[in-house]
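Working notes, structure below.
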There are 2 protein chains.
Amino acid sequence: MTLLQHNRPISVLAVDDHPLILEGIAAVFEGMSEMNLVGACDGRQALALYQQHLPDVTLMDLQMPGVSGLEAIELIRQYDPHARIVVLTTYKGDVHALRAIKAGAVGYVLKNMMRTDLLETIRGVHAGHRRIPAEVAMELAEYMSEVSLTPRETEVLKLAAVGKSNKRIGAGLDISEDTVKVHMKNILAKLHAADRTHAVTIAVRRGILQF
Amino acid sequence: MTLLQHNRPISVLAVDDHPLILEGIAAVFEGMSEMNLVGACDGRQALALYQQHLPDVTLMDLQMPGVSGLEAIELIRQYDPHARIVVLTTYKGDVHALRAIKAGAVGYVLKNMMRTDLLETIRGVHAGHRRIPAEVAMELAEYMSEVSLTPRETEVLKLAAVGKSNKRIGAGLDISEDTVKVHMKNILAKLHAADRTHAVTIAVRRGILQF
DNA sequence: ACGCGCATCCCTCCATCGGGTGACTGCCAG
DNA sequence: CTGGCAGTCACCCGATGGAGGGATGCGCGT
């Protein structure tokens with residue numbers, strides 16, 4: 001497969017809702033014969049452009065309004081299970097990183113990395129490798145042990161976050177206060193939280209609750 | 001003053017810790033005679049490059065590790081009260097937006113805006129105007145009525161956020177539990193929160209607490 | 001000198017919270 | 001079909017939280 005690299009350039013699709021970032025990416029590829037940018041768009045048009053161009057590698061921002069990068073990744077991988085997708089995000093501690101990897105992303109580039117890192121990752125991913133930076137991998141490892149709350153527990157915590165008492169949470173979910181207390185106890189245990197307030201901050205930090 | 005624009009290009013300094021964004025900005029200015037980019041760097045070198053180039057307009061990202069964009073703005077305005085600084089940020093709901101304006105920023109550009117918006121803002125700011133997009137101005141208006149917590153209240157809430165009880169907060173701050181309760185009561189009143197948990201979510205949303 | 005905001009401390013009172021324990025249902029996988 | 005898990009409900013109890021009330025001192029600006 002590496003032979004192909006010499007025959008035709010690696011085609012790249014960039015998905016980001018920031019025109020400035022797209023300009024930057026385009027600038028990186030400018031004048032390169034090894035790769036070329038076949039398209040650039042935001043999340044909504046990601047799948048359509050993928051189907052149209054069938055790029056070798058797709059660069060995908062995670063933080064986008066409307067269709068999230070996560071959804072876009074899932075849609076593309078659903079359409080083409082062999083799609084090579086590289087996540088392009090701002091923060092290494094991105095709470096969606098793990099989900100992106102699970103969704104099928106095979107590369108991960110931080111926006112504060114150099115252009116050479118970007119190019120190197122694209123080459124590696126195109127050659128069939130996974131390219132996850134060590135610092136990101138370590139972040140991921142922490143979240144791998146991520147205890148997931150049950151749907152019910154998430155609902156309870158969501159209401160607790162906006163100041164509802166156990167009684168009012170019960171009223172809101174149409175269950176008894178006692179049941180709410182059970183859920184809350186389990187939440188505290190799972191998150192290793194001292195109290196409901198702590199649980200909310202932990203959940204926000206982990207992306208369980210979107211504030 | 002508009003005559004100057006024809007005599008020499010508007011000099012622009014770009015400050016952002018993302019090389020990709022800097023590439024994008026550079027790409028926007030490429031081949032333009034009206035303006036030219038005199039420098040690009042991250043937050044730490046912002047002041048030094050400002051002093052070196054004395055640009056007409058400075059583009060400043062707010063979200064940066066180490067020296068924040070906010071600090072950089074303050075440092076530059078301290079050095080040169082007439083500095084024309086345009087904030088360049090990702091989210092219109094940026095909690096630091098108000099502080100940036102207060103710190104002396106005279107323009108505000110969202111990264112999801114088009115290059116023409118960026119250029120237009122630079123022209124406007126250079127001509128001596130303030131350029132704050134309507135949608136941002138409206139966001140700002142909401143935060144204008146921002147109730148600010150006292151330093152002590154912030155400390156109390158910060159400890160409450162990580163699950164400390166009033167008693168332990170008192171121990172941590174070396175004050176009595178009763179005093180903590182008074183602070184907490186004032187916090188709840190100021191934020192219109194139902195309880196401490198709600199107060200924390202509100203504070204996080206407003207950027208009072210950085211999660 | 002006065003007011004005012006901030007911070008400190010003290011008291012009472014009651015609702016709420018969180019831990020412990022136990023038990024019943026429904027469902028799905030082994 | 002038997003276990004495990006999610007969800008439900010119940011009761012007890014000690015600790016905590018939040019709403020009142022009132023009080024002192026300190027600094028700061030007018």
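In what follows, chains carry the letters A, B, and so on, assigned in the order in which the sequence lines appear, proteins first and then strands, with residues in each chain numbered from 1. Side chains are part of it too, since the values below use all heavy atoms of this structure and drop only hydrogens, waters and symmetry mates.
- Atom pair D178(B):CG and dA23(D):P shows a separation of 16 Å (rounding to whole Å applied).
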Show me the protein contacts with nucleotides 20-25 of chain C, counting only N or O atoms at under 3.5 Å.
none

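- Here the side chains of T121(B) and Y108(B) are not in contact, with every heavy-atom distance at 4.5 Å or above.
- For the contact set between residues 168-176 of chain B and DNA chain C, defined by any heavy atom under 4.0 Å, the members are I175(B), S176(B).
- Contacts of E120(A) classified as salt bridge (Lys or Arg N to Asp or Glu O under 4.0 Å), with partners at least two apart in sequence or in another chain: R123(A), R131(A).
- Distance H183(A) NE2 to dG18(C) P: 15 Å, rounded to the nearest Å.
- E155(A) places its CD atom 9 Å from the P atom of dT8(D), with the value rounded to the nearest Å.
- Across every non-hydrogen atom of I187(A) and E153(A), the tightest pair is CD1-O, 3.4 Å.
- No donor-acceptor pair closer than 3.5 Å links the side chain of R196(B) to the backbone N or O of A161(B).
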Report task. Mind running side chain to side chain contact (heavy atoms under 4.5 Å, CB included) on V12(A) and I25(A) for me, showing each step along the way? Result -> CA-CA 10 Å; V12(A) 178; I25(A) 295 173; 5.8 Å; no
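- Under the side chain to side chain donor-acceptor pair (under 3.5 Å) criterion, the residue pairs touching residues 74-83 of chain A are Y50(A)-D80(A), with sequence neighbours excluded.
- Taking CG of L88(A) as the start and CG of L20(B) as the end, the distance is 6.0 Å to the nearest 0.5 Å.
- Going from atom CG of L157(A) over to atom C1' of dC17(C) covers 15 Å, rounded to whole Å.
- Atom CG in L149(B) sits roughly 10 Å away from atom P in dC6(C) (whole-Å rounding).
- Across the protein-nucleic acid pair, M184(A) atom CE and dG7(D) atom C1' stand 15 Å apart, rounded to whole Å.
- Taking the charged nitrogens against the carboxylate oxygens, E155(A) and R152(A) do have a contact shorter than 4.0 Å, which makes a salt bridge.
- Proximity of a side-chain donor or acceptor of S11(A) to a complementary backbone N or O of D56(A) within less than 3.5 Å is detected.
- Axis angle across the helix from dA1(C)-dT30(D) to dC28(C)-dG3(D), with five pairs used at each end and values rounded to 10°: 50°.
- Across every non-hydrogen atom of A72(B) and A46(B), the tightest pair is CB-CB, 4.2 Å.
- Here the side chain of D61(B) pairs no donor or acceptor atom with the backbone of V15(B) at under 3.5 angstrom.
- Here the shortest heavy-atom pairing between L13(A) and P55(A) reads CB-CG, 3.5 Å.
- Of all heavy-atom pairs spanning V87(B) and A105(B), the tightest one is CG2-CB, 3.5 Å.
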Using atom names, set out every protein N or O paired with an N or O of nucleotides 13-17 of chain D below 3.5 Å, distance rounded to 0.1 Å.
from: dT16(D); atom 1: OP2; to: K167(B); atom 2: NZ; distance (Å): 3.4
from: dG17(D); atom 1: OP1; to: N166(B); atom 2: N; distance (Å): 3.3
from: dG17(D); atom 1: OP2; to: N166(B); atom 2: N; distance (Å): 3.2
from: dG17(D); atom 1: OP2; to: N166(B); atom 2: ND2; distance (Å): 3.4

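- Between T150(B) and dA7(C) there is a side-chain polar atom (N or O) within less than 4.0 angstrom of OP1 or OP2.
- Contact annotation: T179(A) side-chain N/O to dG7(D) OP1/OP2 distance is not under 4.0 Å.
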Test side chain to side chain contact (heavy atoms under 4.5 Å, CB included) on L59(A) and I122(A); report intermediate values, then the result. CA-CA 9 Å; L59(A) 296 179; I122(A) 292 176; 4.3 Å; yes
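- L159(A) has its CG atom 16 Å from the P atom of dT16(C), to the nearest Å.
- What separates NZ of K190(B) from P of dG5(C) is a distance of 10 Å, to the nearest Å.
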